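To find a chain, count down the sequence lines: A is the first, B the second, and so on, and within it residues start at 1. Since this is a predicted model, take the numbers as computed values, not measurements.
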There are 2 protein chains.
Amino acid sequence: MQRSIRMKDVARAAGVSVMTVSRAFRADSSVKSNTRARIMKAADDLGYVFDSTAASLRSQRTDFVAVIIPSLNNANFAETVGGLSDGLAESGLQVLLGYTGYDIAAEERLVEQMLRRRPEAIVVTGGRHSDRTIRLLRAAGIPVVETWDLPDDPIDHVVGFSNAATTQVMVDHLVGVGYRRIAFIGGDRDGDTRGADRRRGFLAAMASHGLPVDRLVGAGDPPISMQHGADAMARLLDGLPETEAVICVSDLSAFGALAECQRRGLDVPGDIAIAGFGAYEIAGVCHPTLTTIDPQSRRIGARAAEVILGVLDAPGAPRRIAIDPRLIPGGTTRNA
Amino acid sequence: MQRSIRMKDVARAAGVSVMTVSRAFRADSSVKSNTRARIMKAADDLGYVFDSTAASLRSQRTDFVAVIIPSLNNANFAETVGGLSDGLAESGLQVLLGYTGYDIAAEERLVEQMLRRRPEAIVVTGGRHSDRTIRLLRAAGIPVVETWDLPDDPIDHVVGFSNAATTQVMVDHLVGVGYRRIAFIGGDRDGDTRGADRRRGFLAAMASHGLPVDRLVGAGDPPISMQHGADAMARLLDGLPETEAVICVSDLSAFGALAECQRRGLDVPGDIAIAGFGAYEIAGVCHPTLTTIDPQSRRIGARAAEVILGVLDAPGAPRRIAIDPRLIPGGTTRNA
DNA sequence: TTGAAAGCGCTAACAC
DNA sequence: GTGTTAGCGCTTTCAA
């Protein structure tokens, strides 16, 4: 249809100036209520749709926050985005979402595209980025929040946890209940920086218990799927059958590993124990349930929203918010 | 930092006019290559970031397509979005994603917010919308694509399949291999319009075989999760233990149902058969694998992208593209 | 291949 | 409570 109805057309129809129409379309109380009603009626009759491009240019406010996650189809990141959206909604800020496919070059392109649209703030996932990405973000002049990590040298604000330290918690738990020959599946690709951090944490944790690290199994390119986990478990069982427990980089791969064991008629945790990461829904539904770690994905998003609203309101020093992931014992490991 | 570097600053630094800088930032070949190099150098030194808000306002082209899905954390919709993004990327169109949480009122708000940003086209999920949403979309003056359904009275273009007809395929398969007392889990909430369509299709299909429909189990509010499926299966097993087969509204609920059976020590498909929908990854990984239907999620997105590029290039009559979901026999049903 | 002038549709700032 | 004027940062258009 005619995409040519503008504010001035509404103004003419309502018998007011464009400025009054502009005010009526905001929560501006200075418009008399029956004037506003007349304006809204005219707008509706004409099929007018407000043009936020023009409004943004003039007001220099876009009212959106750019959020960049590695993958759309991931319950953890989806929860974080949900927490962010909800937290920002009260202030009228919308989330503009982009995903990188776990590709650091794609992240760089995406960050630049986002910045061209002049977001009020930007949230990225993880603490590792290309040099140019970091340069762009530092120069952007808006609040930047890195999530899902606790980098030593953050760009600006941080809301997350140490993926390495968290893996130590899981190793401590397994060693505490008597497992010794423990394997790790995943974290073998740089693209999956959080997975790689968890693997590093595994190495350190095993060393801290004086245990050998001789059971590392690659899972392949992210996103690490159930099938990756199943394949890796197959290789582990074939190559290192005397393994007592396996820590997987995520619950999805852990479930794949569990399914592979069931397919082979192995008893979990009797023959082999399995642990995951992420507290995905499947961890609590599958049989037996998965021992996992809850990263508090939603809380990460909610806290990031608080940080953004806080510094937009009153700019201040970079904030560093540590989230405490919690171990959730499940049926795939002996827990005492 | 200073978010006040504009094109004119770059122009001054490079010793050219703003117009030349503008041309240099596009794929405009009319700028001499060493002039462009000088401009890019100046821009980089100054930390200039192009302002696409201003560009959009003046050129009246935003180069993005609005895409609205019910939920972020859903592998099917994520695949569709992936197909769309990839298909549009070649033409320089970006996807602006929004999600409704399966709420028709949220959809209405989101559609209006999107239209305010003047997308080049808009993609929505499903064929049911509020009256106002339909009015907004019809008046938007841009291509509209409804996906994941084949409504009789589409707004504009359609890429999808009949959720009801697809369920008939599953019922035919199960009846064909001898199942008679077949239950259906899900589709009891209006918010989940596709689930409700599948349930309707189930009723029709059972009637077409002269079988009674006395085994409908509600799953609750969408998104229908694994836990919903497990709970529904528990109620079904308790209330109607002589059921031979269950069709679930999705693979996620089907897996939950399977896990509930395993928890009770029931043999699937020996004691009871289970079928899902969606060809989610878990369908092929769990043990036994799920009998399901592949809706070809990615293809839906790819075709929608083709439709958009086609009509943006040469406007024409509304297109109606039927996708053919395919039955995937798995280990949770007897298949012969 | 490059430049100058005008203006996209809205809102800030000020006036009344 | 409402109107007038100017201009946000680009690109269209026309000219050279």
Side-chain angles (χ1 to χ4, degrees), chain A residues 2-40 42-43 46-64 92 113 115-120 140-141, chain B residues 2-40 42-43 46-64 92 113 115-120 140-141:
Chain A
Q2 41 195 354
R3 167 83 10 280
S4 47
I5 293 153
R6 304 191 242 307
M7 221 175 235
K8 69 172 180 213
D9 302 305
V10 177
R12 193 181 309 117
V16 295
S17 71
V18 286
M19 201 52 233
T20 304
V21 177
S22 172
R23 290 186 179 109
F25 266 84
R26 286 181 284 174
D28 192 322
S29 55
S30 75
V31 181
K32 239 189 353 194
S33 77
N34 77 41
T35 306
R36 161 175 278 124
R38 206 168 68 242
I39 290 169
M40 289 317 192
L46 292 171
Y48 171 70
V49 176
F50 184 92
D51 187 331
S52 57
T53 304
S56 293
L57 176 59
R58 173 64 244 219
S59 66
Q60 297 293 81
R61 299 189 325 104
T62 54
D63 289 336
F64 81 87
Q113 284 179 341
L115 292 179
R116 287 177 167 214
R117 295 186 192 274
R118 300 290 186 264
E120 310 288 346
Chain B
Q2 42 196 352
R3 166 88 2 283
S4 48
I5 293 152
R6 304 191 240 309
M7 221 175 236
K8 69 172 181 216
D9 303 304
V10 177
R12 195 180 308 116
V16 295
S17 72
V18 286
M19 204 48 238
T20 304
V21 177
S22 172
R23 290 186 179 107
F25 266 84
R26 285 181 283 173
D28 192 322
S29 56
S30 74
V31 180
K32 246 194 339 201
S33 77
N34 78 39
T35 307
R36 161 175 278 123
R38 205 168 70 241
I39 290 169
M40 289 315 190
L46 292 170
Y48 172 69
V49 175
F50 185 91
D51 187 331
S52 57
T53 305
S56 293
L57 176 59
R58 174 65 245 221
S59 67
Q60 296 293 81
R61 300 190 322 105
T62 53
D63 289 334
F64 81 87
Q113 284 178 340
L115 293 179
R116 288 177 167 213
R117 296 186 192 274
R118 300 289 187 264
E120 310 288 346

Between [N] atom [atom2] and [X] atom [atom1], what is the distance in whole Å?
X      : N      : atom1 : atom2 : answer
B:K8   : D:dC8  : NZ    : C1'   : 10 Å
B:R117 : C:dC10 : CZ    : P     : 15 Å
B:R116 : C:dC10 : CZ    : C1'   : 12 Å
B:I39  : C:dT2  : CD1   : P     : 7 Å
B:R61  : C:dG7  : CZ    : C1'   : 18 Å
A:D51  : C:dT11 : CG    : P     : 9 Å
A:R118 : C:dC10 : CZ    : P     : 21 Å
A:F50  : C:dG9  : CZ    : C1'   : 9 Å

Selection: residues 10-23 of chain A, any non-hydrogen atom under 4.0 Å of DNA chain C: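 Contacting residues: A:M19, A:S22, A:R23.
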Quick one: pull up [atom1] in [X] and [atom2] in [Y] and give me the separation to the nearest 0.5 Å.
X      : Y      : atom1 : atom2 : answer
A:R36  : A:S30  : CZ    : OG    : 8.0 Å
A:M7   : A:T20  : CE    : OG1   : 10.5 Å
A:Q113 : B:D63  : CD    : CG    : 10.5 Å
A:T53  : B:R118 : OG1   : CZ    : 7.0 Å
B:R61  : B:S52  : CZ    : OG    : 12.0 Å

Smallest separation among heavy atoms of A:I39 and A:A24, with atom names: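 Nearest heavy atoms, A:I39 then A:A24: CD1-CB, 3.8 Å.
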Nearest heavy atoms of A:R117 and A:F64, plus distance in Å: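 Here A:R117 and A:F64 meet closest at O-CE2, 3.3 Å.
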B:Y48 side-chain N/O to D:dC10 phosphate OP1/OP2 under 4.0 Å: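 Answer is yes, contact under 4.0 Å.
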Under 4.0 angstrom between B:T35 side-chain N/O and C:dT2 OP1 or OP2: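 Answer yes for this pair, as a side-chain N or O of B:T35 is under 4.0 Å from OP1 or OP2.
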Sugar-phosphate only, base, or nothing, as touched by A:S59 at under 4.0 Å among non-hydrogen atoms: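 It contacts sugar-phosphate atoms only.
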Proximity to the side chain of [X] - top-ranked nucleotide from [options]:
X     : options               : answer
B:Q60 : C:dT11, D:dT11, C:dC8 : C:dC8
B:L57 : D:dG9, C:dC10, C:dT2  : D:dG9
A:R58 : D:dG1, C:dA12, D:dT12 : C:dA12
B:A54 : D:dC10, C:dC10, D:dG1 : D:dC10
A:R6  : C:dG9, C:dT1, D:dT12  : C:dG9

